[in-house]
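Input: a single structure, listed below in structure tokens.
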Amino acid sequence: MPELVVQLTRVGFLILLWLFVLAALRVVRSDLYAASGLRVAVPGLRRNKEKKQQRGPGGGKSARQMIVTHGALAGTRITLDERPIMIGRADDSTLVLDDDYASTRHARLSLRGGDWYVEDLGSTNGTYLDRAKVTQPLRVPLGVPIRIGKTVIELRP
């Protein structure tokens, strides 16, 4: 076999090896930052027991807070305002999940005309509204569970 082919094969293998090492380090780094505990980047995170109820269009109750009912962050409450809620493992998410089954940018909750909608952002394991997989933005009724990996979230008045 010509010496040039052997050298090019060695260099190509070395490049592939370094790309693999860099990808592995990137994953380890993101896991270390995600595992450093509860991080909820907000304004909006409040553990309050506000008794006022906001009325939505048509006089019905509208969501005032998002509550984590199951998972590592169970009991966490986020007061809802006009801003969208980003959910995932990314440090800049509104609700940062330490969940192996959550993607970096997993889902978004956004307010549209008085109703909250959940949208999957191309996650690996999917987002579920009750038992239905979210494939397009879906309206979230009060008390209906949103499942992201091992984490379950509900909107409450």
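The basis for the numbers below is simple: all heavy atoms, side chains too, and nothing from hydrogens, waters or symmetry mates.
- Between L109 and I87, the closest side-chain pair of non-hydrogen atoms falls below 4.5 Å.
- Rounding to the nearest 0.5 Å gives a distance of 8.0 Å between CD1 of I148 and OG of S123.
- Taking OG of S110 as the start and CG of L80 as the end, the distance is 11.5 Å to the nearest 0.5 Å.
- Contact check for T69 versus R156: side-chain heavy atoms found under the 4.5 Å cut-off.
- Taking CG of L95 as the reference point, atom CG of L97 lies at 4.5 Å (rounded to 0.5 Å).
- Side chain to side chain, T127 and H106 meet the donor-acceptor criterion of an N or O pair below 3.5 Å.
- For Y128, the OH atom sits in a packed shell: over 12 heavy atoms of surrounding residues, nucleotides or ligands are nearer than 6.0 Å.
- Using modelled atom types, one finds a donor on one side chain and an acceptor on the other under 3.5 Å when comparing Q65 with R77.
- Contact annotation: the side chain of D130 never approaches that of R147 to less than 4.5 Å [non-hydrogen atoms, C-beta and beyond].
- A salt bridge links D92 to R105: at least one charged side-chain nitrogen sits closer than 4.0 Å to a carboxylate oxygen.
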(request) Determine, step by step, whether E119 and R112 satisfy the salt bridge (charged side-chain N to carboxylate O under 4.0 Å, His left out) criterion, reporting the C-alpha distance in whole Å, the side-chain angles of both residues, the deciding distance to 0.1 Å, and the verdict. (result) CA-CA 12 Å; E119 177 181 2; R112 298 181 188 175; 3.8 Å; yes
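- By the 4.5 Å heavy-atom criterion applied to side chains, R139 and W116 are not counted as neighbours.
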